[in-house]
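Remember, it's a predicted structure, so these values are computed and weren't measured experimentally. Numbering of residues begins at 1 and proceeds along the displayed sequence.
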Amino acid sequence: MSKGYHSKVLIIGSGPAGYTAAIYAARAALAPILVQGLEPGGQLTITTDVENYPGFADVIQGPWLMEQMKAQAEHVGAQLKQDIIVGVDLSRTPFTCIGDSGDQYSADSIIISTGAQARWLGLPSEETFMGFGVSACATCDGFFFRGKKVAVIGGGNTAVEEALYLTNHADKVTLVHRRDSLRAEKILQQRLFANDKIELVWDHTLEEITGDDNPRSVTGARLKHAKTSANRLLKVDGVFVAIGHTPNTEIFQDQVEMDEEGYILTTTDSTATSVQGVFAAGDVQDKTYRQAVTAAGTGCMAALEAEKFIALLEAGATAAAE
């Protein structure tokens with residue numbers, strides 16, 4: 001039997017942004033409800049070694065970090081729901097959302113922290129070595145490839161930026177593109193072509209990632225020529241798939257303003273969206289940094305802004321009643 005819940009703050013999504021927002025909102029005595037979504041913990045749940053989150057001298061595991069954030073949110077009073085929001089109505093207050101369970105959630109304010117997903121090629125070997133030499137984030141994992149050889153797959157801004165960043169760590173970076181020209185901005189292409197640590201392989205697609213089982217690690221990338229179908233094996237220690245990200249914003253279409261890629265637009269130096277009382281935090285509105293620590297930071301911002309919004313809402317209601 002479906003149930004109904006109301007909260008001052010409803011948080012949709014449970015990555016670093018969502019959990020941080022829940023922690024701050026709970027400590028502000030707002031009794032938030034957080035709906036965890038399809039992938040509780042977000043992208044960090046498929047990340048093995050995390051070495052760049054502040055506060056930990058040793059390497060930690062992504063799933064463990066998310067479990068700690070979840071436990072902290074519950075400890076300070078946030079109510080977590082294992083549900084997936086499948087429908088929203090932001091046209092009137094209180095805002096209403098429908099869960100896949102059939103439960104209805106209403107709230108005076110909403111924090112959207114549904115994140116974004118890296119686009120993958122869909123290769124079985126890609127999944128096999130994900131987190132063991134296959135990555136979609138150079139700034140997250142590039143440090144682990146110091147002095148090694150890596151391949152970057154793609155031809156847009158993301159791929160070129162990843163390749164350039166990886167030259168800070170890897171001895172050699174090979175950019176593999178399925179066409180004979182890049183889609184990236186000209187200024188990025190100029191920087192790429194001028195970097196002697198980067199080699200380009202044109203007109204090739206990634207067919208398979210090769211590697212060892214014990215320990216699990218990448219040893220190469222099997223490439224196929226787009227025109228001749230000839231195969232070649234590129235010996236590398238890591239493969240970075242850089243074909244872009246897709247924000248998880250489908251259910252918010254026509255509800256809040258977004259850019260052409262589907263990222264939610266927020267006010268400068270704020271997490272406020274085009275709908276008063278609705279805030280967005282984390283990768284769902286950040287296509288520049290996409291880091292756990294920046295997602296957590298915007299989660300904090302969203303909770304603080306929601307707290308101010310609720311205070312003004314309640315002050316207005318009190319004044320109207322007098």
Side-chain angles (χ1 to χ4, degrees), residues 11-26 32-85 100 111-120 122-145 209 211-218 238-241 245-248 281-284 286 289-300 303:
I11 302 165
I12 306 174
S14 58
Y19 283 141
T20 303
I23 292 165
Y24 273 79
I33 290 177
L34 183 149
V35 180
Q36 292 178 284
L38 182 63
E39 189 178 50
Q43 293 187 71
L44 274 183
T45 58
I46 58 170
T47 302
T48 51
D49 293 346
V50 176
E51 201 171 36
N52 58 1
Y53 198 87
F56 302 96
D58 296 323
V59 176
I60 58 173
Q61 299 298 299
W64 177 85
L65 179 59
M66 289 298 93
E67 282 297 320
Q68 293 301 301
M69 287 191 181
K70 173 178 178 283
Q72 186 177 4
E74 291 179 309
H75 177 73
V76 294
Q79 187 178 358
L80 274 56
K81 296 292 184 182
Q82 292 183 341
D83 203 351
I84 304 166
I85 297 299
D100 183 62
I111 296 174
I112 301 170
S113 54
T114 47
Q117 293 181 327
R119 297 177 193 144
W120 298 96
L123 302 173
S125 55
E126 186 180 51
E127 185 173 346
T128 298
F129 294 104
M130 192 178 298
F132 296 92
V134 173
S135 173
C137 180
T139 51
C140 303
D141 300 322
F143 185 76
F144 299 113
F145 295 90
I209 298 164
D212 295 328
D213 291 331
N214 190 21
R216 193 181 303 180
S217 58
V218 169
V239 175
F240 288 81
V241 179
H245 288 73
T246 302
N248 300 318
D283 289 6
V284 77
D286 170 25
Y289 302 105
R290 296 195 300 268
Q291 300 297 301
V293 68
T294 51
T298 54
C300 165

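- Atom CD of Glu127 sits about 10.0 Å away from atom CH2 of Trp120, to the nearest 0.5 Å.
- Gln82 CD to Leu38 CG: the interatomic distance, rounded to the nearest 0.5 Å, is 12.5 Å.
- In this structure, the side chain of Ser14 engages the main chain of Gly41 through a donor-acceptor pair within 3.5 Å.
- The heavy-atom pair separating Phe129 from Ser217 by the smallest distance is CE2-O, 3.4 Å.
- Ile11 contributes atom CD1, which lies 9.5 Å from atom CD1 of Ile23 (distance to the nearest 0.5 angstrom).
- Of all heavy-atom pairs between Phe56 and Leu65, the closest is CE1-CD1, 4.0 Å.
- The shortest non-hydrogen separation linking Pro247 to Ala116 is CA-CB, 3.6 Å.
- Formation of a donor-acceptor pair under 3.5 Å by the Ser135 side chain with backbone atoms of Phe240 is not found in this model.
- Considering only heavy atoms from C-beta on, Leu34 comes within 4.5 Å of Tyr19 through its side chain.
- Side-chain contact between Phe144 and Glu51 is present, with heavy atoms from C-beta onward closer than 4.5 Å.
- A donor-acceptor pair under 3.5 Å is formed between the side chain of Arg216 and the backbone N or O of Thr128.
- Side-chain atoms of Met69 and Glu67, non-hydrogen and from C-beta on, never get closer than 4.5 Å to each other.
- Proximity of a side-chain donor or acceptor of Thr45 to a complementary backbone N or O of Pro63 within less than 3.5 Å is not detected.
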Practice task
With side-chain contact (heavy atoms from CB on, under 4.5 Å) as the test, would you mind laying out the steps for Ile84 and Val35 before giving the verdict?
Solution key: CA-CA 7 Å; Ile84 304 166; Val35 180; 5.9 Å; no

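- Side chain of Asp286 to backbone of Ala295: no donor-acceptor contact under 3.5 angstrom is found.
- When all heavy atoms of Ala118 and Ala136 are compared, the closest pair comes out as CB-CB, 3.6 Å.
- Counting heavy atoms from C-beta outward, Asn52 and Phe143 have side chains that stay 4.5 Å or more apart.
- Between Gln36 and Asp83, every side-chain heavy-atom pair lies at or beyond the 4.5 Å cut-off.
- Looking at heavy atoms from C-beta onward, Val284 lies out of side-chain contact with Ser113 at the 4.5 angstrom threshold.
- Among all heavy-atom pairs drawn from Leu80 and Lys70, the shortest one is CD2-CG, 3.6 Å.
- Heavy-atom contacts from other residues, nucleotides or ligands closer than 6.0 Å to CD of Gln68 number more than 12.
- Closest approach of Gly238 and Phe145 over heavy atoms only: CA-CE2, 3.5 Å.
- Between Gln43 and Asp283 the shortest side-chain heavy-atom distance falls below 4.5 Å.
- Formation of a donor-acceptor pair under 3.5 Å by the Thr20 side chain with backbone atoms of Cys300 is not found in this model.
- Under a 3.5 Å cut-off, the side chain of Glu126 and the backbone N or O of Pro124 do not form any donor-acceptor pair.
- The side chain to side chain donor-acceptor pair (under 3.5 Å) check on Asn248 picks up nothing, with sequence neighbours excluded.
- Between Ile12 atom CD1 and Ile85 atom CD1 the span is 5.0 Å, to the nearest 0.5 Å.
- Under the 4.5 Å side-chain criterion, counting only non-hydrogen atoms from C-beta, His245 is in contact with Arg290.
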